[in-house]
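The next block holds one structure in the form of structure tokens; read it before the comments.
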There are 4 protein chains.
Amino acid sequence: MGKDKVRIGIIGAGRIGKIHADNLLRNPNAEIVAISDLFAGPELEAWASERGISVVTKDSSELIAMPNIDAVLICSSTDTHVPLIEQAAQAGKHIFCEKPVSMDLFQTEAAVAAVAKAGVKLQIGFNRRFDHNFRRVRSHVLEGTIGDPHILKITSRDPSPPPAEYIRVSGGIFMDMMIHDFDMARYLSGSEVEEVYAKGKVLINPVFAEHGDVDTAIVTLTFANGAIGVIDNSRQAVYGYDQRVEVFGSLGSASADNDHPNTAEISTAAGLMRDKPLHFFLERYNEAYVQETALFIDAIIHDKPVIVDGNDAVQAERIALAAKMSMEQGRPVKMTEVPGASRETQPAN
Amino acid sequence: MGKDKVRIGIIGAGRIGKIHADNLLRNPNAEIVAISDLFAGPELEAWASERGISVVTKDSSELIAMPNIDAVLICSSTDTHVPLIEQAAQAGKHIFCEKPVSMDLFQTEAAVAAVAKAGVKLQIGFNRRFDHNFRRVRSHVLEGTIGDPHILKITSRDPSPPPAEYIRVSGGIFMDMMIHDFDMARYLSGSEVEEVYAKGKVLINPVFAEHGDVDTAIVTLTFANGAIGVIDNSRQAVYGYDQRVEVFGSLGSASADNDHPNTAEISTAAGLMRDKPLHFFLERYNEAYVQETALFIDAIIHDKPVIVDGNDAVQAERIALAAKMSMEQGRPVKMTEVPGASRETQPAN
Amino acid sequence: MGKDKVRIGIIGAGRIGKIHADNLLRNPNAEIVAISDLFAGPELEAWASERGISVVTKDSSELIAMPNIDAVLICSSTDTHVPLIEQAAQAGKHIFCEKPVSMDLFQTEAAVAAVAKAGVKLQIGFNRRFDHNFRRVRSHVLEGTIGDPHILKITSRDPSPPPAEYIRVSGGIFMDMMIHDFDMARYLSGSEVEEVYAKGKVLINPVFAEHGDVDTAIVTLTFANGAIGVIDNSRQAVYGYDQRVEVFGSLGSASADNDHPNTAEISTAAGLMRDKPLHFFLERYNEAYVQETALFIDAIIHDKPVIVDGNDAVQAERIALAAKMSMEQGRPVKMTEVPGASRETQPAN
Amino acid sequence: MGKDKVRIGIIGAGRIGKIHADNLLRNPNAEIVAISDLFAGPELEAWASERGISVVTKDSSELIAMPNIDAVLICSSTDTHVPLIEQAAQAGKHIFCEKPVSMDLFQTEAAVAAVAKAGVKLQIGFNRRFDHNFRRVRSHVLEGTIGDPHILKITSRDPSPPPAEYIRVSGGIFMDMMIHDFDMARYLSGSEVEEVYAKGKVLINPVFAEHGDVDTAIVTLTFANGAIGVIDNSRQAVYGYDQRVEVFGSLGSASADNDHPNTAEISTAAGLMRDKPLHFFLERYNEAYVQETALFIDAIIHDKPVIVDGNDAVQAERIALAAKMSMEQGRPVKMTEVPGASRETQPAN
């Protein structure tokens, strides 16, 4: 864009908004100009002032309208994503939006269309694409180390369930949690999903059943390139955040294990022990969060495609819908049964 | 049985029959009296003579009729299993039979009924139940270390596909290969399977398609205790025999990794390297084979239940049938749709 | 100090000085006021201006004299450390100084005495004390998990030798490289060294011999608490920076393995492979560098003892001298033979 | 020798003698003809009869004189080794002798000379040369994977100390325990030791001090090929038998970790746990014991050099003497100070 610094506005000053802010503050190519939050007040003003962020507002429209802002980070609640994307696109701002774009596929597609029309960039907050482990597995797949992918396996388990109020509005395990894994499945396999079979259970807490949700699920995927895959999710792994993947193919297998806070191992009369994996996403994906906004900035500055775009949001949401449908109807669901268009190609990266 | 030595006749002198023979020769509580094989000749006679096995015959009936034989090991081809079990049961011999008992569930059940009627013992050659790794995972599940099982995962991949002539008569991937994993699923979860969904593909060699078979498969299981599980099979893992399991539950997870020929690790400018896992079942389950016949002998001498009995054969075959049906019909199959009775309890061990 | 922000001056704008600067810029409790470097010029001024550091000077004395500076970081060449420490102490500034304090033990002791007299804090740049792995091993030792320490083992190998010009002035392998391990030995064992035996060789590059140095060494240590230990150093581990420790005791053993850039493992027909350890100290101790200055700031703000103080510098240098003497004379050397006083107690932390 | 079966007499029916017997009973190329033991009685006769060993005697001379014996295994107490070797050599029997050959280097050399004169084979019971892990490390060294060896590290720790009566006659930690590691050092480095420095401590049990022995030791070795090495021994690793090696060289490093009874890993809220290493030498070196006598038999049948010969016994004993001398005198000891001749070449294998 002919400039060496991208001027940023952040919409939504919750936990993830603040993390992105702190990461961008250390990025010499970014400058945070403004932050908006419905509940902005003295506390946020103090927080912003400490960081040299000059504008704090309750009004996201005001922020979007600021002429000295090149790009916005949408970190507000899911129901606000689509209107904000449309507004920002119309204002010619590049957009980083947290996942999922929306609970309504048609709205998501409308937002993506608005972005396309405006010719701005849209990057989706699928942070795992920026994880050192998964990127390394992906690079092995791309380089052909494991040949043609045959079987893809993803394990993704949270350390503890979210609170009931969150469960109520989360959109369910497939749209809220496994959506990351659906994106990862497309990313690691390099292929689109064609069929989904989902099996879910309430094994951890009946509160999930009260909201028509499950807390434990296994989903089988069939890919366009012939591979098959399986994802398992649990809302409660008492030993910490469990994030592992494996891509098995004609020439071998590439897998990634969890990250741990240290490599210390203790040997005693009771056995060998080491510490649990990094606790949760903030710890595990700490560096991935840094990378994802850094590469967003980089894509803007050098006018390169973003690593995860609007279509990636659409496709992951479509798979989540298929999984929900499959679980409810007790049968495999073809992606052609799900509204919205498949797109043949993924962005290269 | 009031004796301290079990006198054995071995039916079928193929590879696995000879392995069992050599293992039993080192067992002070066993004595091999006779061996039969359709193709018995000078070679087998020399082999038997070296080992002090005095009777060699082409006629399994002759062997079964020998009064100085307490138990038979049926290691002949699958189609002979049922008549041999019935014959041996009628003759009052204890029976060890390789898996699967038959390709026909009704025949398997008939054989099991004959055994029950005769009051002899029948142990099935599900050798993996005797593997050091899987037994340790099972012991953790039984001891409650991981709480209630929620998710069960089994990876089972062969180093290379069998020859075409074997594929033709194998009964298909579910009855021939994954049947071990179905048994392991029951063993590790401590629960019966209620529903099966199978997805299979031909990704390695079109010869599998020619015989209506697949070479790559993912199967989702639902258990009576509420847990869900997934098994993945491939006929060709170029890096060797891949045999891993995981049981994830309310209090944690127990998993077993592959065995390797050594622990040596090499660090060079190219990276860190270690040798592939043990090549195939003969290497990996070498000690499990020793254990399974040793415990069969032990069960006879001390009149204890065998660790894997006729019902285990029936249930594993029923799951294999359900998986085949599921794959062919493209839908989950309830175990109640499969002929044959479920049995509520598994033998304790 | 009744303030919540420590005002910092950095002396020496080489690689490590700039790393500390960038880390402190992200620290809300620190403010970098000035930076000095003998070769300060437009480049450094641009670098400082980007970071909001207002004063850039060639004259460290000017920086030390600035009344709005609370603490200095001495990151200049080793020969300048002692006069700068003395000057800064006299000016009442707290001091962070890179290791070694000097090549001359008497000077080091004089500097430490000047610090004591001035009542300021002095923290030494033994960055490994802040490493996540070693801290975890240390915590296990302190908590008694492994009982009384019996054997301590440290492996410390660089990925490649320094350039010849560096070797010439480095002070030799014991004072330049193994000094970190001597400090780690005291830190992990919680005890002082009483005797040293060193064996060194030139196996990598004859240039070391030209400067009276070695490139490969094994040193045996005897500790006051009865434990014995061994350190091995190599200037060239082609597979990367090798930094491992083990403390073995009456109740078990605590060890730390290397850190790796990712957990990805590849299984192919050639074997199992993973990437080399993190390349060198900048990668491996990246987070330790952040921690060490953060805790220095913290010690100043809350007037707490620093984690690694002047005596730690003195003792590590004394052990390095003993090692050199031992290697040259081909015999074990008692610490009582080395000039300078042992101190009985280490700072608790 | 033109025969396909080696006829064996076993001298000494203690634990190791019986293990060798049971291993050889499964070896189709060996036949155990006789066993002798000073305390032979009904129990040993029953044991032998069960195994088809026809001759049981108290008199080793009688056994050695039997014309239908080709080779003897000397498994009696250390003080009997030398006279038995000499007697057996004179009788033209091939000899397998447990380590150490004797506590007196001159006697050991005399025994080796007697063997050379008689032209029979002598294999020493350094069982670790037959361990799968160490052989793999050695093969990497031989193949040049790690380049020229620079640093050799051996950790060898027993799970618990021997009884006091054993300590009294053991010959001390260097001759009794570390002698295995001295042999391993020569084996893995492919080079002879030139200098030894030993540091020992009594940290586990004062009973060691009562017998002039130590229970914890670190020994530094200098090799003829320029490499340096270190061995650490402890008589008590509460977490089990700890047997690890590493050879570090110009092109990389080859290391071997412990063997474990299983690969099961448990993840709970308390951390990650796995079972301790295999308990002690009988478990860890179980297969190595099978291999060592199998290869002894093989060497006889095909008239090949044994893998570990009389000179290996002499050299390991010389290093043990040097270590003892070094510890007692508190200084490094050159191997030229130790009686007995170095031999330039090791047998290839």
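Residue numbers start from 1 in every chain, and the chains themselves are labelled A, B, ... in the order their sequence lines are given, proteins ahead of strands.
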- Using non-hydrogen atoms only, which part of B:His132 is less than 4.5 Å away from chain D: side chain, backbone, both, or neither? both
- Item | Among B:Ser253, B:Gly249, B:Gly147, B:Ala254, residue most engaged with chain D (heavy-atom pairs, under 4.5 Å) | B:Ser253
- Note on the structure: Pair count under 4.5 Å, heavy atoms only, with chain B: among D:Pro28, D:Pro261, D:Ser255, D:Ala256, highest is D:Ser255
- For the residue pair D:Ala264 and B:Arg136, what are the closest heavy atoms and their distance? CB-CG, 3.6 Å
- Straight-line distance of B:Asn23 CG to D:Arg26 CZ, nearest 0.5 Å: 9.5 Å
- Flag yes if more than 12 heavy atoms outside B:Glu143 fall under 6.0 Å of its CD atom; otherwise flag no. yes
- Between D:Asn133 and B:Thr263, what is the shortest heavy-atom contact and its length? OD1-N, 2.8 Å
- Residues forming a side chain to side chain contact (heavy atoms under 4.5 Å, CB included) with D:Ala34, sequence neighbours excluded: D:Val55, D:Leu63, D:Met66, D:Ile69
- Counting a contact as any heavy-atom pair under 4.5 Å apart, which residues of residues 265-275 of chain D contact chain B? D:Glu265, D:Ile266, D:Ser267, D:Thr268, D:Ala269, D:Asp275
